[in-house]
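These notes are about the structure you will find just below.
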Amino acid sequence: MALHVMEEANRCLGCKNPRCQAGCPIHTNIPEVIRLLKAGKLDEAGWMLFENNPLTTVCSLVCNHEGQCEGHCVRGIKGAPVHFSIIENYISTTYANKMLKGPVPSNGRRAAVIGAGPAGLTIAIILARYGYQMTIFDSKDKIGGVLRYGIPDFRLPDDVLDDIAYRHLELKGIQFRPNTYIGSALTIDDLFRDGYQSIFVGSGLWKPNKLHIRGESLGNVSYAINYLANPDAFRLGERVMIIGTGNSAMDCARTAVRKGARYVTCVNRTDELTASQYESSYAKLEGVDFLMNKCTLEIQDGGVILSDSNVTEDGKIESVPGTEKLYPCDFVIIAVSQGAESNLIASTEGIDTQRGLLTADPDGHTSRPGVFAAGDAVNGARTVVEAVANGKKVAEAMHQYMQSLPMPVLTDYPEAPVVEDISAAAQAEQVL
């Protein structure tokens, strides 16, 4: 592995105007990272990666490299680009084992993050570097959000996220409160009451979009986000049909193959795949079939009724009458994106929304002072590295906002007595 990494690094031309860096949403200084590696300064290269991107170990695996850094590499014009994803993964995973420093001194201020997805994790890590006491709230039992519950383990192993939880959260003193849905028992108002000066809302997109057709409620149907959260909970049978051809659909298809489905087919209304070429090529290699230019009309116990589709002059997609056919399958997965849940917003006054998404400026300010938002909850589904890039901007905006506020003053009860330990264990010690 190391030899292969160095071979790739030696292919880098060290461009003065690096197209690769311009193509990276988070503007990683790729030439400098590679230069440091070639000079034998792996630790410095690793520090630079993590300082710029706290989730560099994740992005090295799941970024759309073909459309970003590697897709802009000048070597790719006439041949193969420098595969920086391999270099980044080697440096970041090797250096991560050396990241053992504890938290920085507290600055006396407290901030909250709602949602342990890529944007929320980035913000918590950056603000912790400034000394803020950080608490992350999430409705799931572990960190990661869509990284853990929406990306299959064969693309992003759970131990990568577990390592982030240890090195970036536990060691840095960031508290994680799992299985806690803000907007139910606890609200944003409760967080402000308890001394959080700034709150980031990055709850993600967990509400599946529906097809609004007959049969969606049948027992042999699941939405992609529900299936990917725990594939082992579903019995697929031999034939699986997936409605959609985005990256999430590819994840579902490739997971279904690994879970024993013999025939997996993805269906799309047009003749264009919406997934990246990288993901769709792997799906095809693993035996996934594609049905293009088909409208989904109805789901039945024994399969799905599809028809040919037609694009009208005004760009609408219509079903062609008389072309309806039943395509047999045992299980159906609907993968047509997700939307935002509404309970958190419904329980909070003063936050504007538009089409179910939070309204925020480029720096994450919402219409309510002290509440910030970014990522999928604002922009809809985006890539992981875009969420990290947005998170960096919002973290700085939250830092500036909190620095403009007076230091919090906590009122203690006067002369509150200290109650002695009267537990059974303590009593037993006294007897002994």
Side-chain angles (χ1 to χ4, degrees), residues 25-26 53-55 58-59 62 110-128 132 134-151 161 164-165 168-169 174-184 186-188 191-192 196-207 225 338-348 351-354 356-368 370-399 401-402:
I26 204 167
N53 179 0
L55 302 189
V58 171
C59 290
V62 302
R110 189 186 301 273
V113 167
I114 301 173
L121 290 173
T122 300
I123 289 169
I125 293 168
I126 291 175
L127 290 180
Y132 292 97
M134 300 301 304
T135 301
I136 302 175
F137 299 85
D138 199 273
S139 60
K140 305 291 187 180
D141 61 335
K142 294 182 179 181
I143 71 157
V146 69
L147 301 176
R148 186 184 294 271
Y149 299 100
I151 298 179
L161 299 172
I164 290 174
H168 289 294
L169 305 191
I174 299 174
Q175 293 185 310
F176 174 58
R177 184 161 171 173
N179 300 321
T180 305
Y181 188 94
I182 303 299
S184 180
L186 287 176
T187 66
I188 285 179
L191 302 188
F192 279 125
Y196 295 95
Q197 290 193 313
S198 183
I199 300 168
F200 171 74
V201 179
S203 48
L205 305 176
W206 296 101
K207 184 178 180 181
I225 195 69
Q338 295 85 234
E341 294 282 7
S342 59
N343 281 7
L344 186 149
I345 304 305
S347 66
T348 307
I351 300 181
D352 294 338
T353 61
Q354 187 174 10
L357 299 174
L358 295 169
T359 301
D361 68 12
D363 292 327
H365 298 88
T366 69
S367 54
R368 178 165 176 175
V371 178
F372 294 75
D376 292 351
V378 173
N379 302 312
R382 292 291 190 273
T383 64
V384 173
V385 70
E386 286 176 314
V388 175
N390 289 335
K392 288 181 65 176
K393 291 174 60 177
V394 174
E396 294 302 325
M398 293 174 69
H399 172 56
Y401 172 79
M402 287 185 282

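- Looking at every heavy atom in both residues, Asn53 comes nearest to Cys59 through ND2-SG, 3.4 Å.
- In this view, Tyr132 and His399, Gln403 satisfy the side chain to side chain donor-acceptor pair (under 3.5 Å) rule, not counting sequence neighbours.
- Legend: residues meeting side chain to side chain contact (heavy atoms under 4.5 Å, CB included) with Thr359, ordered by chain and number and at least two apart, are Asp352, Gln354.
- The shortest heavy-atom contact between Pro118 and Val384 is CB-CG1, 4.0 Å.
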Report task. Kindly determine whether Asp138 and Ile143 satisfy side chain to side chain contact (heavy atoms under 4.5 Å, CB included), including the steps that lead there. Result -> CA-CA 8 Å; Asp138 199 273; Ile143 71 157; over 6 Å; no
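- Atoms CG and CD1, on Leu147 and Ile164 in that order, are 7.5 Å from each other to the nearest 0.5 Å.
- Considering CD1 of Ile114 and CD1 of Ile123, their distance stands at 11.0 Å, rounded to 0.5 Å.
- Residue Leu358 holds its CG atom at 9.0 Å from OG of Ser367, rounded to the nearest 0.5 Å.
- Residue Pro25 comes nearest to Ala389 through the heavy atom pair O-CB, 3.6 Å, listed as atom of the first residue, atom of the second, then distance.
- The shortest distance between side-chain heavy atoms of Val113 and Ile174 does not fall below 4.5 Å.
- Put simply, the side chain of Val58 does not reach to within 4.5 Å of the side chain of Val388, judged on heavy atoms.
- Applying the side chain to side chain contact (heavy atoms under 4.5 Å, CB included) criterion to Lys392, with sequence neighbours excluded, gives Ile26, Asn52, Thr122, Ile126.
- Considering only residues two or more places apart in sequence or on other chains, His365 meets the side chain to side chain donor-acceptor pair (under 3.5 Å) condition with Asp361.
- The heavy-atom pair separating Ser198 from Met398 by the smallest distance is OG-CE, 3.2 Å.
- Contact between Ala119 and Phe200 at its shortest, heavy atoms only, is CB-CZ, 4.0 Å.
- What you find for Ile136 and Ala116 is that their closest heavy atoms are CG2-CB, 3.8 Å.
- Distance alone, capped at 3.5 Å, places no donor-acceptor pair between the Thr366 side chain and the Ala373 backbone.
- With sequence neighbours left out, the side chain to side chain contact (heavy atoms under 4.5 Å, CB included) criterion links Asp141 to Tyr149, Asn179.
- Rounding to the nearest 0.5 angstrom, the gap separating the CD1 atom in Ile151 from the CG atom in Leu161 is 8.5 Å.
- Under the 3.5 Å distance criterion, the side-chain polar atoms of Asp363 are left unmatched by any main-chain donor or acceptor of Ala397.
- Annotation: the span from Thr187 atom OG1 to Ile182 atom CD1 amounts to 8.0 Å, rounded to 0.5 Å.
- Residues Arg368 and Val201 form no side-chain contact, since every pair of their non-hydrogen atoms from C-beta on lies 4.5 Å or further apart.
- Lys142 has its side chain within reach of Arg148: a pair of non-hydrogen atoms, C-beta onward, lies under 4.5 Å apart.
- Taking OH of Tyr196 as the start and CE of Met134 as the end, the distance is 9.0 Å to the nearest 0.5 Å.
- Among residues two or more places apart in sequence or in another chain, the side chain to side chain donor-acceptor pair (under 3.5 Å) test is passed with Ser139 by none.
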